Engineer: 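Can you read through this structure? Questions will come right after.
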Amino acid sequence: MCGRYTVAIQAQEAADELRAVLTIDAIEPRFNLAPTEDAPIAIEREERRIGLARFGLVPAESESPKAAGARWINLRAEGVATQRAFAESASRRRCLVIADGFYEWKREGTKKQPYHFRPVGGGLITFAGIWDIWQGGVGDETKRIPSFAILTTKPIAPVADIHDRMPMIVPPALRDRWLSPDEQDAREVIRAIQRAEPVALEAFKVSTKVGSVANDDPSLIVPLDDERLR
DNA sequence: CCAGACGTTGTT
DNA sequence: GTCTGG
DNA sequence: CCAGACGTTGTT
DNA sequence: GTCTGG
């Protein structure tokens, strides 16, 4: 599963790599991005844009963002396209979640050991996501809250040693297809991603400080030892 | 996702 | 033990 | 026809 | 938004 991740890349770098237009000035470097916080995503409408949305899907028909809470931070890629509450988003509102790594916790008895995963060689990775806009309030109090969920899938090495789910990573070659509004059958693209050569990852054991969302600095991704999972 | 807060009753 | 907040 | 439910994840 | 129940 994926409830915490990192994104510390230049906005312009992301825009160039994704061939997207920026609607934000910068991407704030984050080393412990958590549910309910705003995060950069790329979507495609008339043009491809990078903007901010809340991590944790708030379906449009939700009573409130508070009611949705952090319930839908992740959705199983296997079923999302056919579940009635999410099918519409999966078909027409897919997004790329911009990141450079993610955390998973390994349960060792009563202890929980966090690991940081990142692409070998570093750089940008994109998670498959779906998004929606929740609107509420009346008159001048009206609010418009974009939000997203990260799709999850069965883990590949080295995640499989640590946890039994992982975020679905869209390889660079399939990003266009994932975002394309013309591709309305989400199942097809998901299958294509799962057939594709996976993005190679490496991982290191990191400090349990990452557990607390109050901590958010580069020390969180510093390896605790030399052991490098691949 | 994890961490941390929450938690009663009656009475004045 | 469960809910809430980030 | 309308109203109301639906929908996650993980873990044991 | 879509499906199900009545």
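Letters A, B, ... mirror the listed sequences (proteins, then strands); counts begin at 1. It should be emphasised that the depicted structure is a prediction, and the values quoted were computed from it without experimental measurement.
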Engineer: Take the protein atom CD of A:E78 and the nucleotide atom C1' of D:dT9, then report the distance between them rounded to whole Å.
Structural biologist: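 Going from A:E78 (CD) to D:dT9 (C1'), I get 12 Å.
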Engineer: Reckon A:R71 has a side-chain N or O less than 4.0 Å from the OP1 or OP2 of D:dT9?
Structural biologist: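 Indeed not, no polar side-chain atom of A:R71 lies that close.
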Engineer: Closer than 4.0 angstrom, basic N to acidic O: yes or no for A:R191 and A:E188?
Structural biologist: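 Yes, A:R191 and A:E188 are salt-bridged.
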Engineer: What's the CD1-P distance between A:I162 and B:dC2, to the nearest Å?
Structural biologist: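 My rounded result for the distance is 14 Å.
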Engineer: Let me know the distance between CZ of A:R107 and P of D:dT12, rounded to the nearest Å.
Structural biologist: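 Going from A:R107 (CZ) to D:dT12 (P), I get 7 Å.
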Engineer: Could you give the CD-to-C1' distance, from A:E88 to D:dG7, as a whole number of Å?
Structural biologist: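 Atom-to-atom, A:E88 to D:dG7, this comes out as 15 Å.
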Engineer: Provide the distance between the two P atoms, one in B:dG4 and one in D:dG7, to the nearest whole Å.
Structural biologist: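 Taking atom P in both B:dG4 and D:dG7, they lie 33 Å apart.
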Engineer: Let me know the distance between NE2 of A:H163 and C1' of D:dG10, rounded to the nearest Å.
Structural biologist: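 The answer, rounded to whole Å, is 7 Å.
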Engineer: When you check the gap from the basic side-chain N to the acidic O, do A:R228 and A:E202 get nearer than 4.0 Å?
Structural biologist: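 The answer is yes: the pair qualifies as a salt bridge.
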Engineer: Using the C1' atom as the reference point in each nucleotide, state the distance between C:dG6 and D:dC6 in Å, no decimals.
Structural biologist: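 So the two C1' atoms sit 27 Å from each other.
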Engineer: Tell me which pairs pass ring pair (Phe, Tyr, Trp, His ring centres under 6.0 Å) where either residue lies in residues 145-178 of chain A, with sequence neighbours left out.
Structural biologist: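 Qualifying pairs, neighbours excluded: A:F55-A:F148.
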Engineer: DNA chain D in dot-bracket, Watson-Crick or G-U pairs under 3.5 Å, [ ] crossing, | other strand?
Structural biologist: ||||||......
Engineer: Tabulate below the donor-acceptor pairs under 3.5 Å that side-chain atoms of residues 214-222 of chain A make, not counting sequence neighbours, or state none.
Structural biologist:
unit_1 : atom_1 : unit_2 : atom_2 : d
A:N215 : ND2    : A:K209 : O      : 2.9
A:D216 : OD1    : A:F31  : N      : 2.6
A:D216 : OD1    : A:N32  : N      : 3.3
A:D216 : OD2    : A:R30  : NE     : 2.5
A:D216 : OD2    : A:R30  : NH2    : 3.1
A:D217 : OD1    : A:S219 : N      : 2.8
A:D217 : OD1    : A:S219 : OG     : 2.4

Engineer: May I ask you to decide if A:M166's main-chain N or O and A:T152's side chain share a donor-acceptor pair within less than 3.5 Å?
Structural biologist: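 No; judged by distance alone, with no hydrogens or angles, the pair does not exist.
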Engineer: With rounding to whole Å, what would you report as the distance between D:dT12 and B:dC1 at their P atoms?
Structural biologist: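 Going atom to atom, P in each nucleotide, I get 12 Å.
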Engineer: Whether A:K112 contacts B:dA3 is assessed here as follows: a side-chain N or O lying under 4.0 Å from the phosphate OP1 or OP2. Is that the case?
Structural biologist: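 True: A:K112 side-chain N/O within range (under 4.0 Å) of B:dA3 OP1/OP2.
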Engineer: A:D161: which residues meet the side chain to side chain donor-acceptor pair (under 3.5 Å) condition with it, sequence neighbours left out?
Structural biologist: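 A:D161 satisfies side chain to side chain donor-acceptor pair (under 3.5 Å) with no residue once adjacent residues are dropped.
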Engineer: Checking all strands, does A:D164 fall into the base, sugar-phosphate, or nothing category for heavy-atom contacts under 4.0 angstrom?
Structural biologist: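 Sugar-phosphate, backbone atoms only, no base.
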Engineer: If the threshold is 4.0 Å, N to carboxylate O, is there a salt bridge linking A:R49 and A:E46?
Structural biologist: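 Salt bridge flag = yes for A:E46 with A:R49.
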Engineer: What is the distance, rounded to the nearest whole Å, between atom CD of A:E61 and atom P of D:dA5?
Structural biologist: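 It works out to 13 Å between those atoms.
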Engineer: When you check the gap from the basic side-chain N to the acidic O, do A:E88 and A:R92 get nearer than 4.0 Å?
Structural biologist: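 Counted as a salt bridge, because a side-chain N and a carboxylate O are separated by less than 4.0 Å.
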Engineer: Could you work out, with ring pair (Phe, Tyr, Trp, His ring centres under 6.0 Å) as the rule, every residue matching A:F117, not counting sequence neighbours?
Structural biologist: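 A:F117 satisfies ring pair (Phe, Tyr, Trp, His ring centres under 6.0 Å) with A:F102 once adjacent residues are dropped.
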Engineer: May I have the distance from A:Q113 (atom CD) to B:dC2 (atom P), rounded to whole angstrom?
Structural biologist: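 Rounding to the nearest Å, CD of A:Q113 and P of B:dC2 are 12 Å apart.
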Engineer: Let me have a per-nucleotide readout for nucleotides 1-6 of chain C, 5' to 3', with B, S or -, counting only protein heavy atoms under 4.0 Å.
Structural biologist: ----SB
Engineer: For the pair A:R19 and A:D176, find out whether any cationic side-chain nitrogen is under 4.0 Å from an anionic carboxylate oxygen.
Structural biologist: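 Salt bridge flag = yes for A:D176 with A:R19.
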Engineer: Taking only the P atom of each, what is the distance from B:dG10 to C:dT2 in whole angstrom?
Structural biologist: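 Result for the P pair: 25 Å, nearest Å.
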Engineer: Has A:R84 got a side-chain N or O lying under 4.0 Å from the OP1 or OP2 atom of D:dA5?
Structural biologist: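 No.
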Engineer: Which value, in whole Å, describes the distance between the P atoms of nucleotides B:dC2 and D:dT9?
Structural biologist: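 Roughly 15 Å separates the two P atoms.
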Engineer: Between atom CD1 in A:I150 and atom C1' in D:dG10, what is the gap in whole Å?
Structural biologist: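 These atoms are roughly 16 Å apart.
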